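Please read these numbers as outputs of a predicted model, since none were measured by experiment. Numbered from 1 within each chain, the chains take letters A, B, ... in sequence-line order.
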2 protein chains.
Amino acid sequence: MAEQAPQGRRERKKAATRAALASAALRLCSEHGVDQVTVEQIADAADVAPRTFFNYFTSKEEAVVAGNAVTAEILVDAFTGRPADEPVTESLRHALHAVVTDPGYLDRFMRLRALRTHPAVVAHHMAAYGAQERELAAAVVARTGTDPASDMFPTLAAAATVTALRVAVQHWLGDHGTDPREPELTQLVDEAMAVFEAGLPAATGVPV
Amino acid sequence: MAEQAPQGRRERKKAATRAALASAALRLCSEHGVDQVTVEQIADAADVAPRTFFNYFTSKEEAVVAGNAVTAEILVDAFTGRPADEPVTESLRHALHAVVTDPGYLDRFMRLRALRTHPAVVAHHMAAYGAQERELAAAVVARTGTDPASDMFPTLAAAATVTALRVAVQHWLGDHGTDPREPELTQLVDEAMAVFEAGLPAATGVPV
DNA sequence: GGCAAACTTGCACGCAGTGCACGTTCGCGC
DNA sequence: GCGCGAACGTGCACTGCGTGCAAGTTTGCC
């Protein structure tokens, strides 16, 4: 929804090139490792000159995590698509559902999983979460009509939502060993979001 | 508290070199801009060979945000220093106070503020927040004795705490314009943490 | 005193990333 | 259609990053 304008050929070609570069970067790097892939290879796979790569991204890492922009788009679209009189937290929970049930989301994430050990990629991945937070916060501001300069709620709500997603996914991927319950990702996201809705003390000690 | 062992000369020298490099990197880059500073200049300022820089950090950005490790240390130390029978959220709030009242913290943050426009620095800064979350989560696990593989609470509590810090600081720095209330950072941190304690819906619409 | 491990440093090399200039393509008004 | 200006792709050249390797030097330890 961010922009659906059926723009001219030039705009479409730019978007296609960007997507091709991002896709090629993620595929090649997840298969062979970030350090084993050169920008030239990525450019070749996207059928552009090496120099062109840098017209779209300033580094390999940026291209690898570029796909996360669509996550932000899904998040914001799903949120703004909810009824305006619905409680914000409920809309946010629905938005999270929209993300984790998107087939492309898990695909991208499984590829990114192989790159969890690469510091620079991890850093840019975190930056992508930050961008998602900002876009979602703007949507919350638009919904609630609050002034973000004096009210931290929209920022906090967006941050909590993205944090719930991040923690749930990282738990699901088994960063702390395998959960014996082996729950679905959807369930984990719900549990994480429920904690932020009920307040942290309510969840102290009890397995969420 | 992480490690206070009065180690041998070699260990102390390494720590001193690392600190000197990180400090020089932050100072030079905040004064002249990241792209205007070379690794050679940073190494010269720390009085080591350029090659030695890469024995400690793999990039300029990493060195610039290295100081955030002490934030994590303050956070964890303050948390573990609280009485074990205190509610976790209260200990976390005290830990946040310890961070924002640390004189070195604000100093580092004001320097980092000048670099908020540099994508790679921002990315590594976010990664530093992630590291703080992990260390704090480990401390919460140690306190509560829960199993992080089946219980997301420690991770969520740590993430919420670091998020409260991050959002409060970013609000304080005026990312959304200047707050007419011009509150103290301590107060903002309290407000943010209070939202996570009371639950998001309790804060909906009301200026926190 | 002497040995082994750890650290620093210089060297060399491949690649990242950018400014610049040129050719090409697209959008747009006539 | 026609042409003009702007935006884009590409090649070239250059600086600086980041790393493997092989020394030389310092430290810890017996």
### Query
Between D/dG18, C/dA16, C/dT8, which nucleotide has the shortest distance from any of its atoms to the side chain of B/Thr17?
C/dT8

### Message
Rounding to an integer number of Å, can you tell me how far B/Phe54 CZ sits from C/dG10 P?
### Response
14 Å

### Task
For A/Lys13 and for B/Tyr56, locate the closest nucleotide of DNA chain C by heavy-atom distance; then report the residue assigned to the nucleotide nearer the 5' terminus.
B/Tyr56

### Task
Take the protein atom CG of B/Asn55 and the nucleotide atom C1' of D/dG20, then report the distance between them rounded to whole Å.
12 Å

#### Entry: Atom-to-atom span, CZ of A/Phe57 to P of D/dG9 - whole angstrom
12 Å

### Message
Can you measure B/His124 atom NE2 to D/dG18 atom C1' for me and round it to whole angstrom units?
### Response
13 Å

### Query
Within this structure, what is the CG-to-C1' distance between A/Asp47 and D/dG9, rounded to whole angstrom?
12 Å

### Query
Between A/Thr52 and D/dT10, does any side-chain N or O lie under 4.0 Å from OP1 or OP2?
yes

### Query
Want to settle it: does B/Phe53 or B/Glu11 sit nearer the 5' end of DNA chain D, counting the closest nucleotide to each?
B/Phe53

### Atom-to-atom span, CZ of B/Arg18 to P of C/dT8 - whole angstrom
11 Å

### Message
Closest approach to the side chain of A/Arg10, judged atom by atom: which nucleotide of D/dA6, D/dT27, D/dT19 is it?
### Response
D/dA6

### Query
Can you check whether A/Ala19's main-chain N or O pairs, donor with acceptor, with A/Ser23's side chain at less than 3.5 Å?
no

### Query
How long is the line joining CD of B/Gln36 and P of D/dT15, in whole Å?
16 Å

### Message
Using modelled atom types and a 3.5 Å cut-off, is there a donor and acceptor pairing between side-chain atoms of B/Arg166 and backbone atoms of B/Tyr129?
### Response
no

### Message
Looking at A/Arg51 and C/dG17, is any side-chain donor or acceptor paired with a base atom of the opposite kind under 3.5 Å?
### Response
no

### Query
Within the side chain of B/Arg108, is there an N or O that forms a donor-acceptor pair under 3.5 Å with the backbone of B/Gly67?
yes

### Task
Please answer whether the main-chain N or O of B/Met193 pairs with a side-chain N or O of B/Arg93 as donor and acceptor at a distance below 3.5 Å.
no

### Task
Mind calculating the distance between CD (B/Gln41) and C1' (D/dT15) to the nearest angstrom?
13 Å

### Task
Return yes if some donor-acceptor pair links the side-chain N/O of B/Gln41 with the main-chain N/O of B/Thr38 below 3.5 Å, else return no.
yes

#### Entry: A/Lys14 side-chain N/O to D/dA7 phosphate OP1/OP2 under 4.0 Å
no

### Query
What's the closest nucleotide to the A/Ala49 side chain, out of D/dT27, C/dG17, D/dT10?
D/dT10

